[in-house]
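Below is one structure; the comments refer to it alone.
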Amino acid sequence: MGMAFIEARDFNLEATIESAQIFGYRREPDGSFLLSVRGSVLRLHQNSERLCVQTVQGPAVSPETIRNYFDLDTPMEPLFRILEEEPPLLDALTAFRGLRIIRQNPWHATAAFIISANNNVKRIRGIWDRMCRFYGRHELDFPDTARLISEGPEALDRMGLGYRAKYLWATANAILCGPVEFRELYTLPLDEARRKAMAYAGVGPKVADCILLYGFHRPEAFPVDVWIARAMRRLFFRNRPASAARILAFASKRWGPWAGYVQQYIFHAARTIGSGT
DNA sequence: AGCCAGGCAGAGA
DNA sequence: TCTCTGCATGGC
């Protein structure tokens, strides 16, 4: 069983994993996390600035891959400076300093956030687990597009996605048949990438920004869901009504390339610390 | 027991 | 472009 230690400064493993950017993981009683990274199952434990990585299943994962997966080589000072200059966001920074955006599998992000529409985190996790158990080789193994399609649309209908099943089915087929177009989302200008992403079934403005932020690591994307909309109105719009489009424009202008990162701190704070006062 | 959930698609104005 | 509605399901 391989074991490695990785120096990880300005990193908060718990906040990173539990901030609902990924849904397939298991929290162990001792506080460590079990999750699938690039096809292998890892057991992760953080001890101050040291990350302990154990390979539980599959080939050993290199430290470089771990650093890339958790975005550990991006200096966080610019983000911390931004958050320090925003009084409404100081609590979130204090609570979750070191929360980072994971470089997850693009298809996983696409599937997860198609499932997430008009849904709740508990249930999204339940659906994710069910799909891993049915399609995968183990309980953290989410199916790739080919595997999903191999079982036919009826199998997907039994996973509890409701009306989203047909969206995920259509999008899985589109991605499998057009992998080059899918990969273009890494490099296309943001608005063009948004339009391309929204061409997939079940992908609107919000899910498109989730796909770009979490799946293609484009931190300038800023998904506005009901939690973010509420928090932003309260923190920056004096509780006045503001459309999602207006909130997005505000965030992009104010935080630019870090908007998506700021969003993750606001989102996690809104869901865990609460929206009091 | 009804409201809500990391919204989207389609229709109509 | 904008607003409005129906939508599957289950947690609370």
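Letters go in sequence order (proteins before strands), and every chain restarts at 1.
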Exercise. After noting the C-alpha distance and the side-chain angles of A/F23 and A/F113, does the key distance pass the ring pair (Phe, Tyr, Trp, His ring centres under 6.0 Å) rule?
Worked result: CA-CA 10 Å; A/F23 299 93; A/F113 286 96; 5.6 Å; yes

Separation of [N] [atom2] from [X] [atom1] (nearest whole Å):
{"X": "A/W227", "N": "B/dG7", "atom1": "CH2", "atom2": "P", "value": "10 Å"}
{"X": "A/N119", "N": "B/dA5", "atom1": "CG", "atom2": "P", "value": "11 Å"}
{"X": "A/F23", "N": "B/dA5", "atom1": "CZ", "atom2": "P", "value": "15 Å"}

For this session: Would you mind checking if A/R194 and A/D191 are paired as a salt bridge, meaning a charged N to carboxylate O distance below 4.0 Å?
Result: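 So A/D191 pairs with A/R194 through a salt bridge.
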
Exercise. Does A/D73 pair with A/R67 as a salt bridge, N-O distance under 4.0 Å?
Worked result: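 Here A/D73 pairs with A/R67 in a salt bridge, since their nearest N and O are under 4.0 Å apart.
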
Exercise. Which nucleotide span of DNA chain C, 5' end to 3' end, has atoms closer than 4.0 Å to non-hydrogen atoms of chain A?
Worked result: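 So the outermost contacting nucleotides come out as C/dC7 to C/dC12.
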
With rounding to the nearest 0.5 angstrom, report the [atom1] to [atom2] distance, [X] to [Y].
{"X": "A/W169", "Y": "A/I149", "atom1": "CH2", "atom2": "CD1", "answer": "5.5 Å"}
{"X": "A/Q46", "Y": "A/I6", "atom1": "CD", "atom2": "CD1", "answer": "11.5 Å"}
{"X": "A/L35", "Y": "A/R43", "atom1": "CG", "atom2": "CZ", "answer": "12.0 Å"}

Run the side chain to side chain donor-acceptor pair (under 3.5 Å) test against [X] and tell me which residues pass, sequence neighbours left out.
{"X": "A/Y265", "value": "none"}
{"X": "A/R254", "value": "A/E86"}
{"X": "A/E64", "value": "A/S62"}
{"X": "A/R38", "value": "A/N68"}

Exercise. Has the side chain of A/T171 got a donor or acceptor atom that lies under 3.5 Å from a matching backbone atom of A/A201?
Worked result: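 Confirmed, A/T171 side chain pairs with A/A201 backbone.
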
For this session: Could you tell me whether the side chain of A/S32 and the main chain of A/E28 form a donor-acceptor pair under 3.5 Å?
Result: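 Checking the backbone N and O of A/E28 against the side chain of A/S32, no donor-acceptor pair under 3.5 Å is found.
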
For this session: Sequence neighbours left out, what pairs pass ring-ring contact (aromatic ring centres under 6.0 Å, His included) with at least one residue falling in residues 58-97 of chain A?
Result: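 For residues 58-97 of chain A: A/F11-A/F70, A/F96-A/H268.
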
For this session: Name all pairs fulfilling the ring-ring contact (aromatic ring centres under 6.0 Å, His included) condition that reach into residues 230-256 of chain A, sequence neighbours left out, sorted by first residue then second.
Result: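 Listed once each, the pairs are A/F236-A/F250, A/F236-A/W255, A/F237-A/F250.
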
For this session: Using the P atoms only, state how far C/dG6 lies from B/dC3, rounded to an integer number of Å.
Result: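 That atom pair is separated by 15 Å.
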
For this session: Can you tell me, in whole Å, how much space there is between the P of B/dA11 and that of C/dA8?
Result: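 Approximately 15 Å lies between the P atom of B/dA11 and that of C/dA8.
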
Exercise. Which ones in residues 161-176 of chain A lie close to DNA chain C, meaning a heavy atom under 4.0 Å from one of its atoms?
Worked result: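 When residues 161-176 of chain A is checked for heavy atoms under 4.0 Å from DNA chain C, the hits, listed by number, are A/G162, A/Y163, A/R164, A/K166.
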
Problem set entry | Residues in side-chain contact (heavy atoms from CB on, under 4.5 Å) contact with A/Q57, at least two apart in sequence or another chain |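 Listed in chain order: A/V41, A/H138.
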
Problem set entry | Sugar-phosphate only, base, or nothing, as touched by A/S243 at under 4.0 Å among non-hydrogen atoms |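 A/S243: no heavy atom of the nucleic acid under 4.0 Å.
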
Exercise. What's the verdict on side-chain hydrogen bond (donor to acceptor under 3.5 Å, both in side chains) for A/N119 and A/S116, showing C-alpha distance, side-chain angles and the deciding distance?
Worked result: CA-CA 5 Å; A/N119 213 336; A/S116 80; over 6 Å; no

Exercise. For DNA chain B, which residues in residues 193-209 of chain A have a heavy atom at a distance below 4.0 Å?
Worked result: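 Per residue number, the list reads A/Y200, A/A201, A/G202, A/V203, A/G204, A/P205, A/K206, A/V207.
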
Exercise. For residues 235-242 of chain A, which residues have at least one heavy atom under 4.0 Å from DNA chain B?
Worked result: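 When residues 235-242 of chain A is checked for heavy atoms under 4.0 Å from DNA chain B, there are no hits whatsoever.
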
Name the pairs: protein N/O against N/O of nucleotides 11-13 of chain B, kept only if under 3.5 Å.
none

